[in-house]
Amino acid sequence: MTCPAGRPEELLDAPLARPGRYLYLRRDYCPCEQCDLHNDIAVARELLELAVRRLPRWPRRELEALLAGLDDELRRRTIPDPFAHREAHRRGDWWHQRLYDLSDLL
């Protein structure tokens, strides 16, 4: 698997650059990992968290500092989903427990 962006923070930069006050997460129904990483912020954030856990101390601190600002923006622009706990795949880290835009299913 290769990163679709040049830098790791670009995984979150593009979705956070979408206009509007609120940002609803988008699911990608394509089975391709590239599409999933590019379109679903929670998947991209999960990948970056896995990288943080595997890095040595100094690079880990740098990535954590970078992610702190991105996480603040993501928390500010997304809305908690009060029913996320009902879906097993959405339990765990906070970024999986945000509201998704499901208008494409209607």
Side-chain angles (χ1 to χ4, degrees):
M1 176 180 70
T2 60
C3 180
R7 301 182 339 254
E9 66 270 18
E10 288 179 6
L11 287 171
L12 298 178
D13 280 344
L16 288 175
R18 291 183 199 140
R21 180 175 178 188
Y22 295 111
L23 176 69
Y24 293 92
L25 303 184
R26 294 182 183 167
R27 280 201 202 331
D28 195 340
Y29 297 100
C30 175
C32 166
E33 289 178 354
Q34 298 293 342
C35 292
D36 217 18
L37 279 174
H38 185 70
N39 295 320
D40 190 346
I41 298 172
V43 172
R45 183 59 183 85
E46 185 68 28
L47 178 65
L48 291 170
E49 186 64 24
L50 289 173
V52 164
R53 291 179 188 162
R54 287 171 172 74
L55 285 171
R57 182 174 47 183
W58 294 110
R60 180 178 55 233
R61 286 184 182 171
E62 289 181 25
L63 184 54
E64 286 173 337
L66 179 74
L67 288 175
L70 294 170
D71 284 348
D72 289 343
E73 179 73 5
L74 189 57
R75 277 191 188 102
R76 186 181 68 76
R77 292 199 51 209
T78 58
I79 301 168
D81 184 352
F83 302 108
H85 68 279
R86 294 181 179 178
E87 300 176 43
H89 68 280
R90 296 187 59 201
R91 294 181 190 141
D93 295 313
W94 66 268
W95 51 83
H96 289 291
Q97 300 173 10
R98 311 310 270 185
L99 282 178
Y100 274 81
D101 176 10
L102 302 177
S103 61
D104 59 332
L105 297 176
L106 300 176

Looking only at non-hydrogen atoms, find the nearest pair between [X] and [Y] and report the distance.
X: Tyr100; Y: Ala42; result: OH-CB, 3.3 Å
X: Leu99; Y: Pro80; result: CG-O, 3.9 Å
X: Leu74; Y: Trp94; result: CD2-CH2, 3.7 Å
X: Leu48; Y: Leu63; result: O-CD2, 4.1 Å

Point to revise | Heavy-atom donor-acceptor pair, Arg98 side chain to Thr78 backbone, under 3.5 Å | key: yes
Point to revise | Gln97 side chain vs Gly92 backbone, donor-acceptor pair below 3.5 Å | key: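 Checking the backbone N and O of Gly92 against the side chain of Gln97, a donor-acceptor pair under 3.5 Å is found.
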Point to revise | Spacing of Asp71 atom CG and Arg45 atom CZ [to the nearest 0.5 Å] | key: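 The distance works out to 4.0 Å.
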Practice item. Check whether any side-chain heavy atom of Tyr22 sits under 4.5 Å from a side-chain heavy atom of Asp101, and report yes or no. Key: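 With C-beta onward as the side chain, the pair stays apart.
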Check your understanding: For Arg75, what residues pass the salt bridge (charged side-chain N to carboxylate O under 4.0 Å, His left out) criterion, not counting sequence neighbours?
Key ->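 Residues passing salt bridge (charged side-chain N to carboxylate O under 4.0 Å, His left out) with Arg75: none at all.
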Check your understanding: Do other residues, nucleotides or ligands put more than 12 heavy atoms under 6.0 Å from the OH atom of Tyr24?
Key ->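 Not more than 12 within 6.0 Å, no.
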Check your understanding: Counting only heavy atoms not in Arg53, do more than 12 sit closer than 6.0 Å to its CZ atom?
Key -> yes
Exercise for review: Apply the test side-chain hydrogen bond (donor to acceptor under 3.5 Å, both in side chains) to residues His96 and Glu87: give CA-CA distance (whole Å), side-chain angles for both, the deciding distance (0.1 Å), then the verdict.
Suggested key: CA-CA 10 Å; His96 289 291; Glu87 300 176 43; over 6 Å; no
Practice item. In sequence, state the C-alpha distance, the side-chain angles, and the governing distance for Glu64 and Arg61, and then conclude on salt bridge (charged side-chain N to carboxylate O under 4.0 Å, His left out). Key: CA-CA 5 Å; Glu64 286 173 337; Arg61 286 184 182 171; over 6 Å; no
